[in-house]
Number of protein chains: 2
Amino acid sequence: MERKWTTVRDLRRTNRSTVLSRLYLAGPLSRPEISRDTGLSAGTVSNVTAELIEEGLVVEAGQVDSHGGRPRALLRVDPDYGYVVGVDVGETRVRVELFDLAMTRRALVDRQLPSARPRPEAVVSRILTGLTEAISRAGVPEERILGVGIGVFGLVEQGPEVTVHAPTVGWQEVRLESSLRAGTRLPLFIDNGAKALGQAEMWYGAGRGRQHAVIVLVGSGVGAAVITHGQSYRGFTSSAGEWGHTTIVYGGRPCRCGSSGCLEAYVGAEGIIDRYRQARAGRPVPGGDEESQIAALVRARHSSTVAARILEETTGFLGAGLANLINLFNPELIVLGGWTGLVLGAELLPEIRVAAGRHALELPYRQVSIELSQLGADAVAFGAATLPVQDLLLRGGETGAARTAGSVRAARSSHR
Amino acid sequence: MERKWTTVRDLRRTNRSTVLSRLYLAGPLSRPEISRDTGLSAGTVSNVTAELIEEGLVVEAGQVDSHGGRPRALLRVDPDYGYVVGVDVGETRVRVELFDLAMTRRALVDRQLPSARPRPEAVVSRILTGLTEAISRAGVPEERILGVGIGVFGLVEQGPEVTVHAPTVGWQEVRLESSLRAGTRLPLFIDNGAKALGQAEMWYGAGRGRQHAVIVLVGSGVGAAVITHGQSYRGFTSSAGEWGHTTIVYGGRPCRCGSSGCLEAYVGAEGIIDRYRQARAGRPVPGGDEESQIAALVRARHSSTVAARILEETTGFLGAGLANLINLFNPELIVLGGWTGLVLGAELLPEIRVAAGRHALELPYRQVSIELSQLGADAVAFGAATLPVQDLLLRGGETGAARTAGSVRAARSSHR
DNA sequence: ACACTTTTTCGAAGGTGTGAAATAAGTATC
DNA sequence: GATACTTATTTCACACCTTCGAAAAAGTGT
């Protein structure tokens, strides 16, 4: 009962939010279209849009000619109203990208990390220097930055203060938010990288227009982002969706998480390569890094029965894992992403679908479609950048008395 | 964008709803307490409660003495404002119970089904006759019945019309709602039995006051009800939560659903008994029905190493299954229910907790507590009866122009 | 009897969306 | 080129809503 949802002004805010969101996600729209989509009366739409235009969030974008009537004016969110930053924190590098509101990239900064088990301070310093560099490269005044979204590996706990847990790289309750807060006044939005990417896929990728989906990430690790009613499913402390460490072969292969039989131990890149090596009687798998090893395996499938068998098994495990998601979450869509997932999916998607069908219940399986990611494997920073945008939309474009910045509102009004 | 949430009257309805819900779920409360809990101003609370009292939904319930000030009046929902019916549709019987709003049972009707694979018509006729009998036995005028909740086995699809799918008993897209609609004008609320029970457990059982929980049902079959933000997680077509048919032993024991290695094949009553029999080299398990066989197994665990091993394995499988739920849904609470679950849990809960800890990720495991069901195995009808209550609360006590009945409102206003 | 405290009600004020009417801005037709 | 028609957009009266502060109500303690 902590939510504040009572006054007539909150009503206005949600209506602003629905109008703004529709406008942002469904491209240029005319007022009558907004009215129809949102159920708001024409008068209200006119009223709300006038306010949004006045504030500079929305601009006119041409007209659409009519069949004998006043032509309807098209409206859209002004891409230059503000800018957002997305940060991809990986285990080997930090990547900072700056976008305008249309998600056109304006700057990109890449920083290597010294080791694959980076210390938090190393990450924090690279985020902060990357941030200033991206801002200066893009030539954008800092006051116009709406927020910084950060997609991190590991479990991101959204408490009174955001903390990150990633036992595999030795991070225990890392207070990432407060560390960053010391170095910037910009609003911060920290989330798990898979969840960030999932949101991007819903807005700009394979999930457009869907409400219930699971975006699955198969790379070195295996994760998932669950979307319900268009929103990320978080659970009690936001660590929901740890699909990679669900048991799929009771008592099976040991997993780096300490348990055994985890899905990740079978369909994560390392798991696949390891099983391939064992099937080759211990001979090393050709190719240098994991990526080329997987590629080699996929290429070999027509010539080598061993490779074919390994891939078939992998398809089976992956299918069963997807079936578990289908049975538990009943999504309308599953998006297969992550670099390993994309490599496998490019060749084997039909087989994966069939394998999922073998293990899932018939009804929910009939209602789900399994598709490939459209944004590719490298869109975590992009996804992270959508986090501040989402915040903007949910607030209906009002400068929330949120995390920081009273400067933003001032900057804005002096700007127009 | 289909939801209607725009006008200033919707605002009133949600405020009525929050006040009414708080009052219903948190027992007798004074107006200042409501104000504090809901964030509404004292004026609004007075205004809203006056309306609810006027309509007969809420009544005064004594006073609480003060420390030198006007004593605060206590308010509560009138248990006799209306009545609700809950129906438990099992594979062998139909059970109809009638409650007042305080969930005190006023009537109970039990009807056997002719076979364990009942035809839909057999179920429908027993529901309808059971309904009239329960109403007459309780001596309640039909106009005072707020609705009938029905908890059914199988997958319940909430479309424009509710349909039920249960392949194991040969039900394919059974149009239960329209069949019942022919025989009664009362508002109907049809849902999966496990979900219905889950809601009851949240309101009146082990889940009180929690927001994110999974209620797990282990009986002959295995199911789960997932609660997020206090609401049942449904997914795209409401068939979410089919935990029993998630794969936990890839390529393992065949399951009646057609797949193999499903959790249900290992920890469902039949699966346990079957594994026990195999371990006894095919000798039949003592005891008549499944229930007494499981009881015999549990009793034998101190004298028989075979029984002990089977139970240990069962604990392991169940723990891994729970761990999957923990990793995927990140609940704050897991409630173990269902008759098999209760029998096992009564003896082995600590071991089950440990087994879950072995397979779950550390952080979400630390944050979850695993408890036994408090409502017992036979509370599906009770749970189903909460469905119309929930509807009442969500509507804020306004007679929705919902599924049926304009008679209800008339009856109500003539009644006071 | 009086002062004090707390609850509850009351009325004015400030906001909101709606629906109908008015206005704007085109196209089709004669 | 003027007129009729059509559709988009704005304007405005209206009915509602919550809040806020003041006043009334209803007790306790001295």
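No experiment lies behind these values; they were computed from the predicted model shown. Just so we're on the same page: letters track the sequence lines, and every chain starts at 1. Any value given below was found using the heavy atoms of this structure, including those in side chains, with hydrogens, waters and symmetry copies removed.
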Peer 1: Which part of the nucleic acid, if any, lies within contact of B:Ala73, taking any heavy atom under 4.0 Å across all strands shown: a base, the sugar-phosphate backbone alone, or nothing?
Peer 2: sugar-phosphate
Peer 1: Expressed in angstrom and rounded to an integer, what is the separation of A:Leu75 atom CG from D:dT9 atom P?
Peer 2: 7 Å
Peer 1: For B:Arg36 and C:dT6, what is the distance between atoms CZ and P respectively, to the nearest whole Å?
Peer 2: 13 Å
Peer 1: Run the salt bridge (charged side-chain N to carboxylate O under 4.0 Å, His left out) test on B:Arg72 and B:Glu60 for me, step by step, so that the C-alpha distance in whole Å, both residues' side-chain angles and the decisive distance to 0.1 Å come before the verdict.
Peer 2: CA-CA 11 Å; B:Arg72 39 184 77 177; B:Glu60 298 212 349; over 6 Å; no
Peer 1: Is the distance from OP1 or OP2 of C:dG17 to the nearest side-chain N or O of B:Thr7 less than 4.0 Å?
Peer 2: no
Peer 1: Starting at atom CZ of A:Arg16, determine the distance to atom C1' of C:dG17, rounded to an integer number of angstrom.
Peer 2: 16 Å
Peer 1: What is the distance, rounded to the nearest whole Å, between atom CG of A:Asp10 and atom C1' of D:dT19?
Peer 2: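 Atom CG in A:Asp10 sits about 12 Å away from atom C1' in D:dT19.
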Peer 1: Taking for each residue the nucleotide of DNA chain D with the nearest heavy atom, is it A:Leu74 or A:Val8 whose nucleotide lies nearer the 5' end?
Peer 2: A:Leu74
Peer 1: Say whether A:Gln199 and A:Thr386, considering side chains only, have a donor N or O and an acceptor N or O under 3.5 Å apart.
Peer 2: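 The criterion, which ignores hydrogens and geometry beyond distance, is satisfied for A:Thr386 and A:Gln199.
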Peer 1: Evaluate the ring planes of B:Tyr24 and B:Tyr204, with Trp represented by its six-membered ring, and classify them as parallel (under 30°), tilted (30 to 60°) or perpendicular (over 60°).
Peer 2: perpendicular
Peer 1: Are B:Arg9 and C:dG17 close enough that a side-chain N or O sits under 4.0 Å from OP1 or OP2?
Peer 2: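 No, no such contact exists.
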Peer 1: Taking only the side-chain heavy atoms of B:Asn15 (C-beta and beyond), determine which of C:dG17, D:dT9, D:dT18 contains the nearest atom.
Peer 2: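 Comparing C:dG17, D:dT9, D:dT18 against the side chain of B:Asn15, the answer is D:dT18.
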Peer 1: Do any side-chain nitrogens or oxygens of B:Thr6 fall under 4.0 Å of OP1 or OP2 in C:dT18?
Peer 2: yes
Peer 1: Starting from C1' on C:dA25, measure out to CD on A:Gln63 and report it in whole angstrom.
Peer 2: 9 Å
Peer 1: Does B:Arg70 contact C:dT7 through a side-chain donor or acceptor facing the base, at a distance under 3.5 Å?
Peer 2: yes
Peer 1: So, A:Arg234 and A:Asp191, do they make that salt bridge, N to O below 4.0 Å?
Peer 2: yes
Peer 1: D:dT9 P sits how many Å from A:Glu60 CD, rounded?
Peer 2: 8 Å
Peer 1: Calculate the interatomic distance between B:Leu11 atom CG and D:dC16 atom C1'; express it in whole Å.
Peer 2: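 One finds 10 Å between C1' of D:dC16 and CG of B:Leu11, rounded.
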Peer 1: For DNA chain D, whose closest nucleotide is more 5', that of B:Arg12 or that of A:Ala50?
Peer 2: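 Result: A:Ala50.
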Peer 1: Is the distance from OP1 or OP2 of C:dT8 to the nearest side-chain N or O of B:Arg72 less than 4.0 Å?
Peer 2: no
Peer 1: CD of A:Glu51 versus P of C:dT16: gap in Å, rounded?
Peer 2: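 Nearest whole value for this atom pair: 7 Å.
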Peer 1: So, is A:Asn47 close to the D:dT10 phosphate, meaning a side-chain N or O under 4.0 Å from OP1 or OP2?
Peer 2: no
Peer 1: Counting only side-chain N and O atoms of B:Thr44, is one of them less than 4.0 Å from OP1 or OP2 of D:dT19?
Peer 2: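 Result: yes.
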Peer 1: Are the charged groups of A:Arg16 and A:Asp10 less than 4.0 angstrom apart, N to O?
Peer 2: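 Judged by the 4.0 Å cut-off on N to carboxylate O distance, A:Arg16 and A:Asp10 do not form a salt bridge.
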